[in-house]
Amino acid sequence: MCLAIPGKVISLHEENGLLMGKVEFGGTLISACLAYVPEVKVGEYVIVHAGFALNVIDEEEAERTFALLKEIGESEGQG
């Protein structure tokens, strides 16, 4: 199963001619390629899969996804 999760863009930079960024996932920062979402700005949320941001989402959608992931994690802990 593949899972793409939202992360918040903390910074932007260019690397080897590609738009890159530091993206935060629950306090963990990773470097992600932002070439597919060149319109993204610092502070916005992106959906990242395998190190590539696939699209920009609004904060409300990101929060709904975080709540759903938390609910799944809690339900698996009850089994």
Side-chain angles (χ1 to χ4, degrees):
M1 178 170 88
C2 297
L3 181 64
I5 58 174
K8 187 174 187 177
V9 177
I10 302 301
S11 66
L12 302 172
H13 64 278
E14 189 174 306
E15 189 174 309
N16 298 324
L18 293 173
L19 179 60
M20 302 290 291
K22 292 290 183 191
V23 181
E24 181 182 20
F25 299 92
T28 301
L29 288 177
I30 68 156
S31 182
C33 180
L34 304 174
Y36 297 133
V37 291
E39 73 279 14
V40 71
K41 296 177 180 67
V42 170
E44 292 184 320
Y45 287 85
V46 290
I47 296 290
V48 177
H49 175 70
F52 291 86
L54 303 176
N55 60 340
V56 178
I57 62 171
D58 61 32
E59 186 171 356
E60 184 176 316
E61 184 176 350
E63 292 299 330
R64 281 195 308 266
T65 303
F66 294 143
L68 179 61
L69 291 171
K70 181 178 177 187
E71 186 178 313
I72 291 170
E74 289 173 352
S75 69
E76 288 190 0
Q78 296 175 356

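- In terms of heavy atoms, Lys22 sits closest to Ser31 at NZ-CB, 4.0 Å.
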Under 3.5 Å, which donor-acceptor pairs do the side chains of residues 35-48 form with other protein atoms, sequence neighbours left out?
from  : atom 1 : to    : atom 2 : distance (Å)
Glu44 : OE1    : Lys41 : N      : 2.8

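- Hydrophobic cluster membership of Leu29, counting Ile, Leu, Val, Met, Phe, Trp and Tyr whose side-chain heavy atoms lie under 4.5 Å apart directly or via other members: Ile10.
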Mind listing the side-chain donor-acceptor pairs of residues 54-68 below 3.5 Å, one per line with the distance, residues two or more places apart or on another chain?
from  : atom 1 : to    : atom 2 : distance (Å)
Asp58 : OD1    : Glu60 : N      : 3.3
Asp58 : OD1    : Glu61 : N      : 2.7
Glu60 : OE2    : Arg64 : NH1    : 3.1
Thr65 : OG1    : Glu61 : O      : 3.1

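- Shortest non-hydrogen contact noted between Ala4 and His49 is CB-CB, 3.8 Å.
- If you take CG on Leu34 and NE2 on His13, they are separated by 8.5 Å, rounding to the nearest 0.5 Å.
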